[in-house]
Amino acid sequence: MKWSETYIPTLREFPAEAEIISHKLLIKAGYIRKLTSGVYNYLPLMQSVLLKITNIVREEMNKSGAQEILMPVLHPAELWQKSGRWETVGKELMRMRDRHQRDLVLGGTHEEVVTNLIKGEIRSYRQLPVNLYQIQTKFRDEIRPRFGLMRGREFLMKDAYTFDANEKSFNISYQKMVDAYFKIFKRCGLETKMVESDTGAMGGKAAHEFMVIVDTEGGENIIFYCDRCDYSANIDKASSFDLKEIKSEGFTEKETFKKMEKVHTPDKKTIEEVTLFLNQPPEKLVKTLIYRADGNLVAALIRGDKEINEVKLKNALGCIQLEMADSESIKKLTKAEVGFSGPVGLKGVKMIVDEQIPNLFNFVTGANQNDYHLVNVNSERDFKIDQVADIKTAKEGEGCPKCKKGRLKTDRGIEVGNTFMLGTKYSQSLGATFIDKDGKEKPFIMGSYGVGITRTAQAAVEKYHDEKGIIWPVSIAPLHINILPVNIQDQTQKNVAFDIYQRMKENKMEVLIDDRDERAGVKFNDSDLIGLPLRITVGEKYLKKKKVELTLRGKNETLFCPKEEVLEKSKKILEKLKAVF
RNA sequence: CGGGGUGUAGCGCAGUCUGGUAGCGCACAUGGUUUGGGACCAUGGUGUCGGAGGUUCAAAUCCUCUCACCCCGACCA
């Protein structure tokens, strides 16, 4: 490829619209351009990267026995109504109407369509298992698209769906996908961590996410892992136990119930204020948070030093919509300002408490009266608990729920893939069944598996860059080599550069030649910016000695070699780079 | 949806408070000098000032409405 004939619109300045480094670099280096919020054009270099990634995905999927298909983007609303997701997915679902006023959906995932596809056609357990996948554009009406391709409204995704006759077979299918995913990301140059995750609107029994660990702001997800065993989970799933509960006496061993008393706490609303005022540790306080779950008010209780995890709360309540109640509703319910809510005497609401609460004795709560708190409150004696559940957010340093010995640590990650154990949620709701060995009709056991293609590309940039630009892993670099004649006006330089270029092309090497009549600085900077792994500099300095320079992107060292040997040398270097992945 | 902010040349921005010829840098075009890390000189082209309405002799500037985009939060298959 000649640079002069390729659309690579690099910028001198960082774009104002981008926030994180990978987004800035993709725009500056001429890989992507925004059309509208969360929607991007992929320019030639980007398209090449995406093809590299999809090829890797395709190879590994095919190896695992999956079959590639292509399903429609446009779905009838009816299917989504049958599965229930017309309601549960809510506003993220991109909806539209046709000229007959029929509701349609722009697919953001294809469980409904794929289930419908095999329904009635796969009738026997003998035809199972089946794994179908596609690589296709997906639509999600994100509330706030951001970070370029990280959270777009339109993006490329590989999605796969498995159908099995029984749990045993399903577990094998699931493991195959997990193995394939580790291979896919590894081949893309990305180490990933597999973490337990919430199933969300997807439904099903369990789910995992594949995270690229980064230490930049691009890592949107907080993941927890144990420093002793292999436990790891994302923030919405991670559970933990509190070391304090075990260490400090009085929390687990029964204290004697003290008499409940009302104390005057003027203007002390926050945990911090009450803690200071009453000289009690935050662990002795209990927060009462009023939520609205599918329209009904719910009181959620949690220890003062913990944070509620709304995903966990939502799951525990089994509701679709969950939001903090507005202050008017709270005042009406508690007859007090927000900040003085408490469980004692609260009527007409479901009382859900975190699993730590039943172990607490003689704690402090709001009194449902302005400027008053209650001390020495005890559950069951002073108020009734309707439900106990883990509804708190895990914190770094807390105990591992799996091995009980290690402590939890945190990392920031970019979710590049996910896998869901769907069970029979979709096969049942859409009536997709087969006849099993025993002659009985049963719903398929399903799994679904996604890889964000565009997100993976950006995750690689977020992971591999320096102050000058992108440093692509060789396996997904748009091209391998950039030949840079320092001064294209110089006939010798030009001839040598083009000679190398021609020979490399004849050898099917992936090569770009910067044949632009630009000054050296511009070319060097652009070369670093677009981030091809190997640069071959042809300049006056060393040409006199019949030598050209080989420079690895991201490394400072430069190798000199006679121009006759550059082809072999380059091949060797690239082979070595490839071997790393 | 709530809070904050921005829309002026291809890109980055000034000008808006205090109404009076629409600017700067980069990029672009032509000519020349230069040529190993974002050159220099000269000349030149470039705008519905996001849109609509209003106030005014006069609006990028003031008022009303509206659209788009960005950030924080809620949300996230």
Side-chain angles (χ1 to χ4, degrees), chain A residues 9-20 23 27-28 30 33-39 80 83 85 88-94 105 107-112 138-148 150-153 155 157 159 161 197-204 207 209 217 220-221 234-236 291-292 310-311 314 320-324 326 415 417-420 422 425-426 448-452 455 467-469 484-490 493-494 514 516-529 535 537-544 548-549 551 558:
Chain A
T10 59
L11 304 174
R12 293 216 167 194
E13 293 169 84
F14 276 113
E17 70 188 56
E19 197 69 13
I20 62 170
H23 188 198
I27 297 170
K28 188 169 188 238
R33 284 293 181 269
K34 187 177 71 180
L35 175 63
T36 184
S37 182
V39 180
W80 287 76
S83 73
R85 289 206 289 185
T88 56
V89 176
K91 290 174 186 154
E92 277 68 52
L93 193 60
M94 201 74 88
V105 168
T109 179
H110 282 66
E111 282 78 10
E112 283 82 358
K138 294 282 187 277
F139 296 87
R140 287 179 199 176
D141 198 355
E142 292 285 347
I143 287 180
R144 183 149 85 89
R146 69 188 127 167
F147 299 158
M150 291 287 195
R151 186 165 299 278
R153 294 193 293 172
F155 55 94
M157 181 168 151
D159 46 324
Y161 306 89
S197 65
D198 181 60
T199 53
M202 231 5 167
E209 290 173 344
E217 332 163 56
E220 277 197 280
N221 306 283
N234 75 7
I235 193 161
D236 291 331
Y291 280 88
R292 194 171 280 282
E310 292 187 3
V311 173
K314 197 170 163 180
I320 293 169
Q321 278 282 335
L322 181 75
E323 57 197 357
M324 291 287 280
D326 58 288
E415 180 194 348
N418 51 31
T419 55
F420 291 89
L422 297 174
K425 172 176 169 160
Y426 296 92
S448 85
Y449 317 85
V451 170
R455 190 187 274 184
E467 65 288 350
K468 296 225 153 228
L484 194 156
V486 174
N487 182 357
I488 199 79
Q489 305 260 17
D490 180 302
Q493 288 180 39
K494 188 176 175 181
D514 192 348
R516 295 175 300 169
D517 183 11
E518 290 285 355
R519 292 178 65 84
V522 173
K523 293 203 202 182
F524 283 125
N525 280 313
D526 273 351
S527 182
D528 290 340
L529 187 59
R535 185 184 77 207
T537 312
V538 180
E540 194 182 14
K541 232 196 264 183
Y542 298 98
L543 213 50
K544 286 178 192 152
V548 297
E549 299 148 64
T551 313
T558 294

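Quick note on labels: first sequence line is chain A, next is B, and so on, each numbered from 1. The figures that follow rest on heavy atoms only: side chains count, while hydrogens, waters and symmetry mates do not.
A distance of about 36 Å separates the C1' atoms of C63(B) and C26(B), rounded to the whole Å. Using P as the reference atom, G10(B) and U48(B) are 7 Å apart when rounded to the nearest Å. On the C1' atoms, A59(B) is 34 Å away from U43(B), given to the nearest whole Å. Going from the P atom of U66(B) to that of U30(B) covers 47 Å, rounded to whole Å. As rounded to the nearest Å, U21(B) and A58(B) have P atoms that lie 15 Å from one another. Comparing the P positions of U61(B) and G15(B) gives a spacing of 15 Å, expressed to the nearest Å. Taking atom P in both C13(B) and A60(B), one finds a spacing of 22 Å when rounded to whole Å.
Pair assignment for G31(B) gives C41(B), based on Watson-Crick or G-U wobble hydrogen-bonding distances that are each under 3.5 Å. With a cut-off of 3.5 Å on both pairing distances, the Watson-Crick or G-U wobble partner of A68(B) is U6(B). Across all strands shown, A58(B) forms no Watson-Crick or G-U wobble pair with both distances under 3.5 Å. The partner of G73(B) is C1(B), judged by Watson-Crick or G-U wobble contacts that both fall below 3.5 Å. Across the strands present, G53(B) finds its partner in C63(B); the criterion is a Watson-Crick or G-U wobble pair with both atom distances under 3.5 angstrom. In this structure, G12(B) and C24(B) make a Watson-Crick or G-U wobble pair, each of the two defining distances being under 3.5 angstrom.
Side-chain to base pairing of Arg12(A) with G10(B): no donor and acceptor N or O lie closer than 3.5 Å to each other. In terms of polar N and O atoms assigned as donor or acceptor, the side chain of Glu549(A) comes within less than 3.5 Å of the base of G36(B) in a complementary pairing. Scanning atom types as modelled, one donor and one acceptor separated by under 3.5 angstrom connect the side chain of Asp528(A) and the base of G37(B).
Arg455(A) comes within 4.0 angstrom of nothing in the nucleic acid, heavy atoms only. Nucleic acid contact for Ser37(A): sugar-phosphate only, since backbone atoms but no base atoms lie under 4.0 Å from a heavy atom of the residue. Looking at heavy-atom distances under 4.0 Å, Glu19(A) makes contact with sugar-phosphate atoms alone, never a base. No contact: Asp490(A) has no heavy atom under 4.0 Å from any strand.
For the pair Glu13(A) CD and G38(B) C1', the interatomic distance rounds to 11 Å; values are reported in whole Å. Separating the NE2 atom of His23(A) from the C1' atom of C70(B) is a distance of 11 Å, rounded to the nearest angstrom. Computed from coordinates, the Met324(A) CE to C75(B) C1' distance equals 15 Å when rounded to whole Å. The CG atom of Leu11(A) sits 15 Å away from the C1' atom of C13(B) (whole-angstrom rounding). The CZ atom of Phe147(A) sits 17 Å away from the P atom of C69(B) (whole-angstrom rounding). Regarding Glu209(A), its CD atom lies at a distance of 12 Å from the P atom of C76(B), rounded to whole Å. Atom-to-atom, NZ of Lys28(A) to P of A27(B) comes out at 14 Å; the value is rounded to the nearest Å. Rounded to whole Å, atom C1' of C70(B) lies 16 Å from atom CZ of Arg151(A).
Side-chain contact between Ile488(A) and Arg516(A): absent, with no pair of heavy atoms (C-beta onward) separated by less than 4.5 Å. Under the 4.5 Å side-chain criterion, counting only non-hydrogen atoms from C-beta, Glu310(A) is in contact with Met324(A). With a 4.5 Å cut-off on side-chain heavy atoms, Phe147(A) and Glu217(A) do not count as touching.
Annotation: of the two residues near RNA chain B, Asn418(A) and Thr537(A), the 5′-most nearest-nucleotide partner is Thr537(A).
The side chain of Thr36(A) places no N or O atom within less than 4.0 Å of a non-bridging phosphate oxygen (OP1 or OP2) of A68(B).
Side-chain N or O atoms of Tyr291(A) include none that pairs as donor or acceptor with a backbone N or O of Leu322(A) at under 3.5 Å. Listed for the Arg33(A) side chain is a donor-acceptor partner under 3.5 Å among the backbone atoms of Ile27(A).
Using a cut-off of 4.0 Å between Lys/Arg side-chain N and Asp/Glu carboxylate O, Glu111(A) and Arg85(A) are scored as salt-bridged.
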With the criterion being N/O to N/O and under 3.5 Å, what pairs connect the protein with nucleotides 28-34 of chain B, and how long is each?
residue	atom	partner	partner atom	Å
U34(B)	O2	Arg519(A)	NH1	2.8

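Here the side chain of Phe420(A) is nearest to one of G38(B), C76(B), A77(B), namely A77(B).
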